[in-house]
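In what follows, residues are counted from 1 in the order of the sequence shown.
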Amino acid sequence: MRLFEIIKGIVPLQTIGGDPEVSGICFDSRQVGKGCCFVAQVGTRTDGHDYIAAAVHDGAVAVVCQRMPEQRAEGVTYVQVADSDLALGVMADNFYGHPSRKLKLVGVTGTNGKTTTVTLLHRLFREAGYPAGLLSTIVNKIDDTEVPATHTTPDALELNRLLAEMVAAGCKYAFMEVSSHSVVQQRIAGLTFVGGVFSNITHDHLDFHKTMANYIAAKKIFFDNLPEGAFALTNMDDRNGMVMVQNTRAEVHTYSLQRMADFHCRVVEDTFQGLLLNLNGREVSTRLVGRFNAYNLTAIYGTAVLCGIAPDEALRLLSTLGAAEGRFQYVTGKGIVGIVDYAHTPDALENVLSTINDIRRAGQQLVTVVGCGGDRDKTKRPEMAKIACTMSDKLILTSDNPRTEDPEQILDDMEAGLTDEERGMVVRITNRRQAIRTAVMIAREGDIILVAGKGHEKYQDIDGVKHHFDDCEELERELGIKK
């Protein structure tokens with residue numbers, strides 16, 4: 001494809017050179033090959049502008065950058081732009097033939113519930129007979145073919161490549177988690193959404209956004225950029241639910257468990273076997289558990305209806321859905337109920353613990369195993385320990401992807417949220433495998449064990465090395481469950 005066709009829709013600050021044939025787009029200089037266009041981005045750790053000369057040396061015929069280099073090679077075209085991140089998104093969309101325009105692409109954003117919502121939407125639409133794509137934290141899917149996921153939202157090139165593969169495979173819909181990072185970093189620039197869904201906003205990612213105001217603003221940008229004709233489905237029960245859609249051009253729809261809304265849900269019954277819900281006057285039994293999942297299911301129902309599925313059919317399909325991997329996933333053994341959940345924010349942890357406490361019978365003890373990730377928002381650590389201690393009968397603090405931090409320091413940060421009396425009731429076991437084993441040892445028949453924080457993850461990240469580790473696998477082994 002010619003360079004000028006690839007940069008269509010971008011207004012360059014200046015262009016030096018001609019319109020070469022381009023074989024591909026790269027933003028990592030190590031991946032540059034003959035005929036590539038190199039996009040120099042200003043990253044958080046490295047600056048792509050430092051690698052322009054290396055990219056040209058390795059065969060780049062064009063460079064898109066924010067700062068024009070003083071030394072320029074002959075025969076190479078240089079395009080200066082105001083924002084390389086934005087340019088990359090638009091270029092990727094052009095290069096792959098605008099794949100998001102050929103699908104009905106729905107984005108889901110919020111702190112909690114994104115993965116469950118997009119995963120179950122993907123399942124629902126495939127059950128309804130529509131080939132569909134999925135872009136999630138756990139896995140990406142091109143209809144029923146899995147593609148491993150490495151980020152909540154892939155980079156712009158990978159994102160458009162996956163969407164193009166979905167189009168080629170005949171997918172009609174695609175459901176995508178939209179992270180706040182991806183919005184700020186322009187990874188979704190150039191995409192066309194037919195709808196956006198807002199779940200909630202709670203304390204998370206302040207290591208990146210610094211303030212809650214910045215975090216909220218990042219989420220809101222997604223809705224600000226939705227086109228006319230799209231829908232924006234927002235949670236009225238979240239204090240920022242209506243803030244999200246203040247400036248959107250999309251048609252606004254609401255869902256709620258607490259007030260009248262376009263899609264209103266009432267929890268009739270909540271047990272370990274599932275939820276009985278009343279959705280807009282119709283009852284439906286589901287296999288998901290907990291009030292937080294009632295919100296997810298209401299958003300899923302609303303999205304399905306807004307995408308054209310008849311309400312009765314949407315309810316029938318809703319009743320067939322099971323939980324996403326690592327989301328309130330439970331197993332039983334030795335008379336003990338074991339639950340694995342991805343809850344890694346204060347709000348998510350409180351939701352899961354509240355659900356268990358609402359459902360459990362008198363006499364059932366709750367043993368919680370939880371940690372906090374290293375190199376991430378430290379301010380939530382004491383808050384999570386306080387919630388876990390207050391809402392559990394027994395608490396084991398342990399390691400959860402310490403990355404480059406000292407695991408003991410992370411546990412110290414968590415314990416800082418506890419009183420001296422509470423600290424005396426808490427067990428610290430840095431080794432996560434040993435922590436899960438200890439939880440099973442101290443639990444009695446009929447008790448409940450919650451292992452929180454990692455959910456679907458199959459690794460422990462220690463000093464930059466990912467070691468195989470699966471909470472569900474560990475819990476099943478200790479409970480004597482044979483696969």
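You'll find the side chain of L163 reaches within 4.5 Å of the side chain of S100, heavy atoms only. Annotation: side chain of D28 is in contact with side chain of Q31 (closest heavy-atom distance under 4.5 Å). With a 4.5 Å cut-off on side-chain heavy atoms, M391 and E350 count as touching. When side chains are defined from C-beta on, E457 does not count as touching D470, because their heavy atoms never get closer than 4.5 Å. When side chains are defined from C-beta on, L3 counts as touching C37, because their heavy atoms get closer than 4.5 Å. The shortest distance between side-chain heavy atoms of I356 and I359 does not fall below 4.5 Å. Within the 4.5 Å cutoff, the side chain of T116 has heavy atoms near those of the L288 side chain. Using a 4.5 Å heavy-atom cutoff, the side chains of L257 and T298 are in contact.
Within 6.0 Å of the CZ atom in F95, the count of heavy atoms belonging to other residues, nucleotides or ligands exceeds 12. With a 6.0 Å radius and a threshold of 12 heavy atoms from other residues, nucleotides or ligands, R259 has its CZ atom above the threshold. For E251, the CD atom sits in a loose shell: 12 or fewer heavy atoms of surrounding residues, nucleotides or ligands are nearer than 6.0 Å. Counting non-hydrogen atoms of other residues, nucleotides and ligands closer than 6.0 Å to NZ of K172 gives a total of 12 or fewer.
Here the side chain of H467 pairs no donor or acceptor atom with the backbone of D461 at under 3.5 angstrom. Distance alone, capped at 3.5 Å, places no donor-acceptor pair between the D93 side chain and the L191 backbone. Under the 3.5 Å distance criterion, the side-chain polar atoms of N140 are matched with a main-chain donor or acceptor of S136.
Remark: L349 CG to D341 CG distance equals 8.5 Å, nearest 0.5 Å. Distance CD1/I309 to CG/L315: 11.0 Å, rounded to 0.5 Å. For the atom pair M166 CE and T145 OG1, the distance stands at 10.5 Å (nearest 0.5 Å). Rounding to the nearest 0.5 angstrom, the gap separating the OG1 atom in T248 from the CZ atom in F198 is 13.0 Å. With rounding to the nearest 0.5 Å, the separation of SG in C265 from CG in D237 is 10.0 Å. Rounding to the nearest 0.5 Å gives a distance of 11.0 Å between CG of D143 and CG of L134.
The shortest heavy-atom contact between A304 and L124 is CB-CD2, 4.1 Å. The shortest non-hydrogen separation linking A156 to G89 is CB-CA, 3.8 Å.
Taking the ring axis of Y459 as reference, the NZ or CZ atom of K466 stays within 45° of it and closer than 6.0 Å to the ring centre. A cation-pi contact, defined as under 6.0 Å to the ring centre and within 45° of the axis, is absent between K220 and Y215.
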Pair R249, E228 - check salt bridge (Lys or Arg N to Asp or Glu O under 4.0 Å), show working.
CA-CA 5 Å; R249 290 169 292 166; E228 284 185 33; 5.5 Å; no

Candidate pair E158 and R161, rule salt bridge (Lys or Arg N to Asp or Glu O under 4.0 Å), full reasoning
CA-CA 5 Å; E158 176 72 359; R161 184 185 66 78; 2.8 Å; yes

Applying side chain to side chain donor-acceptor pair (under 3.5 Å), run through E473 and H468 and close with a yes or a no.
CA-CA 11 Å; E473 195 177 278; H468 177 76; 3.2 Å; yes

Take Q41 and D85 through the side chain to side chain donor-acceptor pair (under 3.5 Å) test and state the conclusion after the steps.
CA-CA 6 Å; Q41 295 175 283; D85 294 341; 2.7 Å; yes

Begin from the C-alpha positions of S199 and N235 and carry the test side chain to side chain donor-acceptor pair (under 3.5 Å) through to its verdict.
CA-CA 6 Å; S199 60; N235 179 3; over 6 Å; no

Start with the C-alpha gap between T320 and E127, add the side-chain angles, then the distance that decides, and say whether side chain to side chain donor-acceptor pair (under 3.5 Å) holds.
CA-CA 9 Å; T320 68; E127 284 295 317; 5.3 Å; no

Going through the distances and angles, do R67 and D47 end up as a salt bridge (Lys or Arg N to Asp or Glu O under 4.0 Å)?
CA-CA 11 Å; R67 300 191 307 274; D47 187 341; 2.9 Å; yes

Salt bridge (Lys or Arg N to Asp or Glu O under 4.0 Å) assessment of E405 paired with R381:
CA-CA 14 Å; E405 282 197 70; R381 293 173 183 173; 2.6 Å; yes

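A distance below 6.0 Å separates the ring centres of Y342 and H456. Close placement of the F222 and F193 rings is indicated, their centers lying within 6.0 Å of each other. Checked against a 6.0 Å centroid threshold, the rings of F125 and F175 count as neighbours.
Between H253 and F263, the ring planes are tilted. Angles from 30° to 60° get that label. Aromatic ring orientation, F328 versus F292: tilted (interplanar angle from 30° to 60°).
Ion pair D375/R403 not flagged as a salt bridge, since none of the NZ, NE, NH1 or NH2 atoms sits closer than 4.0 Å to an Asp/Glu carboxylate oxygen.
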